[in-house]
*Asks:* 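Take this structure, written in structure tokens, and hold onto it; I'll ask about it next.
Computed from a prediction, not measured in an experiment: that's the story for all the values here.
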Amino acid sequence: MKTNKFAQVLFALLISSTCLFAQNNGSESVFISGTKFTYPLIEKWIAEYAKVNPNSKLKIAPKLAAGQTADLNIIAHQPAKDELKADQAIVYAGKYALLPVTNPANPILLGAAKKGFNKKEIDKLFFEVVDYDAEPTKEKPKFAATIYARDNQACASTALAGYFGHLTSEIRGKKVLGDDIYLLSALKKDSIGIAYNNLGYLFDTNSRKLKDGIALLPLDLKKNTKDILTGNLDFVIDVLEKNQIETVPVEKIGFVYSPVNSRKEVTAFLAWVLTDGQKFNHDKGFLNLDKQLLAEQNNNLQERFLTLK
């Protein structure tokens, strides 16, 4: 309750300061860049935020012009120790889940339909660790499969590998350049193709149903979590917010910014995302932060806001 009251007061203060700032700096935009698969949610946040703050000038900038820098950079993996600069901080604003998906014609669906894959089997299917000290062995794979994944630097690859305790270089198969949506294009052309992808790309966010031309890979699930295989996005989100499923990576998304150099309207937007903005996460296939983590983000933002001059 205290957190909610603080968030409302903080948001009111930030909105007031932002409006004054915007009146004096009408030509300046706030640029947001980073992980592309989050853009549908970011665009929704921007649109809804503009309804309560018409003076805002938030823009997604996939490619910044020379001399421009992003005020907010979207990140969708756990940053390495040396990845953030000394003056940078992260505000986490939601979560995303990765589900294994394949071509509907894949014979693997028949072979694994009853029990489904457990974490060990998924690990063996998706990853390959080369032990140069061991004698080479030839083990016939249980299923014929082509693994598709993003390049090693992509957030989804980093999250996937890290969740299963691997390096991105240990992901098997073919690397797909560009956006994560291209993984689905590859699967539709390959009857034995398999990949992990985020909910916002796997499901039609309007109908809430799994997109045509793909099928979820059967997983070994407990009775109370089997709804994630029903093909209904709302069921999937509900189950994943209430349960931790060992074969389904869930990772945070956040904004990297500089508390020291940021304008107050940047902090105002972040405060709104952590309050009113959370109601739009599900709509675009993203999960909400749990209450404890959300409270931590609000508290951290409060401390940073109070240091602004």
Side-chain angles (χ1 to χ4, degrees), residues 35-40 76-77 96-130 138-164 166-205 207-221 228-233 236 245-251 285:
T35 306
K36 190 174 181 180
F37 74 77
T38 67
Y39 284 3
H77 67 275
Y96 71 99
L98 296 171
L99 283 179
V101 63
T102 187
N103 187 299
N106 195 335
I108 203 171
L109 294 172
L110 297 176
K114 289 185 178 181
K115 184 181 178 183
F117 287 89
N118 58 34
K119 186 175 183 180
K120 184 177 180 181
E121 291 168 332
I122 288 286
D123 189 306
K124 193 172 183 178
L125 188 63
F126 276 83
F127 299 95
E128 181 177 27
V129 180
V130 179
K138 290 186 178 181
E139 183 179 354
K140 185 178 180 181
K142 187 175 181 180
F143 298 101
T146 304
I147 302 301
Y148 291 94
R150 285 294 315 284
D151 58 275
N152 291 346
Q153 287 71 43
C155 283
S157 293
T158 303
L160 177 65
Y163 180 81
F164 284 97
H166 291 279
L167 302 173
T168 54
S169 59
E170 294 171 345
I171 300 176
R172 293 179 184 271
K174 299 181 179 180
K175 303 298 182 182
V176 176
L177 300 179
D179 187 39
D180 294 44
I181 197 71
Y182 298 135
L183 292 169
L184 300 185
S185 300
L187 294 182
K188 291 178 180 180
K189 299 175 183 177
D190 186 347
S191 63
I192 60 171
I194 301 176
Y196 265 91
N197 214 325
N198 70 84
L199 303 183
Y201 280 174
L202 296 178
F203 291 84
D204 183 320
T205 54
S207 70
R208 318 303 281 176
K209 295 179 180 179
L210 196 67
K211 290 180 178 178
D212 293 336
I214 58 176
L216 295 178
L217 196 69
L219 298 173
D220 184 8
L221 300 168
I228 69 168
L229 299 179
T230 62
N232 181 284
L233 178 56
V236 174
I245 300 176
E246 64 176 6
T247 46
V248 180
V250 175
E251 183 58 273

*Asks:* Using a cut-off of 6.0 Å, state whether more than 12 heavy atoms not belonging to K120 lie near its atom NZ.
*Replies:*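 Not more than 12 within 6.0 Å, no.
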*Asks:* Kindly list each side-chain donor-acceptor pair under 3.5 angstrom involving residues 194-204, sequence neighbours excluded, with atom names and distances?
*Replies:*
| residue | atom | partner | partner atom | Å |
| --- | --- | --- | --- | --- |
| Y196 | OH | T247 | O | 2.7 |
| N197 | ND2 | D180 | O | 3.0 |
| N198 | OD1 | G200 | N | 3.1 |
| N198 | OD1 | Y201 | N | 3.1 |
| Y201 | OH | D179 | OD1 | 3.2 |
| Y201 | OH | D179 | OD2 | 2.6 |
| D204 | OD1 | N206 | N | 2.7 |
| D204 | OD1 | S207 | N | 3.2 |

*Asks:* Listed by chain and number, what are the ring-ring contact (aromatic ring centres under 6.0 Å, His included) partners of Y39, not counting sequence neighbours?
*Replies:*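 Y39: no ring-ring contact (aromatic ring centres under 6.0 Å, His included) contacts found.
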*Asks:* Mind checking the CD-CG spacing from E170 to L160? Nearest 0.5 Å is all I need.
*Replies:*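 Rounded to the nearest 0.5 Å, the CD-CG separation comes to 11.5 Å.
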*Asks:* Provide the closest heavy-atom pair for L109 versus P104 in the form atom of the first, atom of the second, distance.
*Replies:*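 Looking at all heavy atoms of both residues, the closest pair is CD1-O, 3.4 Å.
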*Asks:* Can you tell me how far NZ of K189 sits from CG of L184, rounded to the nearest 0.5 angstrom?
*Replies:*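 Separation between the atoms: 12.0 Å.
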*Asks:* Counting distance only, does the side-chain N/O of R150 pair as donor-acceptor with the main-chain N or O of L177 below 3.5 Å?
*Replies:*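 Side chain of R150 to backbone of L177, a donor-acceptor pair under 3.5 Å: no, none is there.
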*Asks:* Who are the side chain to side chain contact (heavy atoms under 4.5 Å, CB included) partners of T146, not counting sequence neighbours?
*Replies:*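 Applying side chain to side chain contact (heavy atoms under 4.5 Å, CB included) to T146 gives Y148, K174, D190, I192.
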*Asks:* Only counting residues at least two apart or in another chain, list the ones meeting ring-ring contact (aromatic ring centres under 6.0 Å, His included) with F164.
*Replies:*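 ring-ring contact (aromatic ring centres under 6.0 Å, His included) list for F164, sorted by chain: F127.
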*Asks:* Tell me whether the count of non-hydrogen atoms from other residues, nucleotides or ligands lying under 6.0 Å of NZ in K36 goes above 12.
*Replies:*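 No.
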*Asks:* Would K119 count as a cation-pi partner of Y163, with NZ or CZ less than 6.0 Å from the six-membered ring centre and within 45° of the ring normal?
*Replies:*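 Judged by the rule, K119 and Y163 form a cation-pi pair.
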*Asks:* What are the two closest heavy atoms between L125 and A145, and how far apart are they?
*Replies:*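 So the minimum-distance heavy-atom pair works out to CD1-CB, 4.2 Å.
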*Asks:* Report yes if some heavy atom in the side chain of V101 is under 4.5 Å from a heavy atom in the side chain of L183; otherwise report no.
*Replies:*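 No, too far: nothing below the 4.5 Å cut-off.
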*Asks:* Check V248 against L98 and note the closest heavy-atom contact, atom names and distance.
*Replies:*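 Taking V248 first and L98 second, the nearest heavy atoms are CG1-O, 3.4 Å.
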*Asks:* First locate atom CG of N106, then atom CG of L187, and finally report the distance between them rounded to the nearest 0.5 Å.
*Replies:*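 Reported to 0.5 Å precision, the distance equals 9.5 Å.
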*Asks:* Hey, what do you get for CD (E246) to CG (N118), rounding to the nearest 0.5 Å?
*Replies:*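 The CD atom of E246 sits 7.0 Å away from the CG atom of N118.
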*Asks:* Determine whether a donor-acceptor pair (N or O, by modelled atom type, separation under 3.5 Å) exists between the side chain of R172 and the backbone of A149.
*Replies:*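 No: the side chain of R172 does not pair with the backbone of A149.
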*Asks:* Taking all atoms of both residues into account, what is the closest heavy-atom pair of A76 and F37, and its distance?
*Replies:*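 Minimum heavy-atom separation between A76 and F37: CB-CZ, 3.8 Å.
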*Asks:* Short question: side chain of T102, backbone of L217 - any donor-acceptor pair under 3.5 Å?
*Replies:*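 Checking the backbone N and O of L217 against the side chain of T102, no donor-acceptor pair under 3.5 Å is found.
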*Asks:* What pairs with T205 under side chain to side chain contact (heavy atoms under 4.5 Å, CB included), at least two apart in sequence or on another chain?
*Replies:*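 So T205 forms a side chain to side chain contact (heavy atoms under 4.5 Å, CB included) with R208, L233.
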*Asks:* What's the separation between atom OG1 in T35 and atom NE2 in H77, rounded to the nearest 0.5 Å?
*Replies:*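 If we round to the nearest 0.5 Å, T35:OG1 and H77:NE2 are 7.5 Å apart.
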*Asks:* Which heavy atom of I171 sits nearest a heavy atom of S157, and at what distance?
*Replies:*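 That closest heavy-atom pairing would be CD1-O, 3.9 Å.
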*Asks:* Return each pair, listed once, that meets ring pair (Phe, Tyr, Trp, His ring centres under 6.0 Å) where at least one residue sits in residues 173-195; pairs must be two or more places apart or across chains.
*Replies:*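 Ring pair (Phe, Tyr, Trp, His ring centres under 6.0 Å) check on residues 173-195 returns no pairs.
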*Asks:* Walk me through whether I228 and L216 qualify under side chain to side chain contact (heavy atoms under 4.5 Å, CB included).
*Replies:* CA-CA 9 Å; I228 69 168; L216 295 178; over 6 Å; no
*Asks:* I need the minimum non-hydrogen distance between S191 and P107, along with the two atoms involved.
*Replies:*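 Result for this residue pair: O-CD, 4.4 Å.
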*Asks:* Going from OG on S169 to NZ on K175, what distance comes out if it is rounded to the nearest 0.5 angstrom?
*Replies:*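 The NZ atom of K175 is 8.0 Å from OG of S169, to the nearest 0.5 Å.
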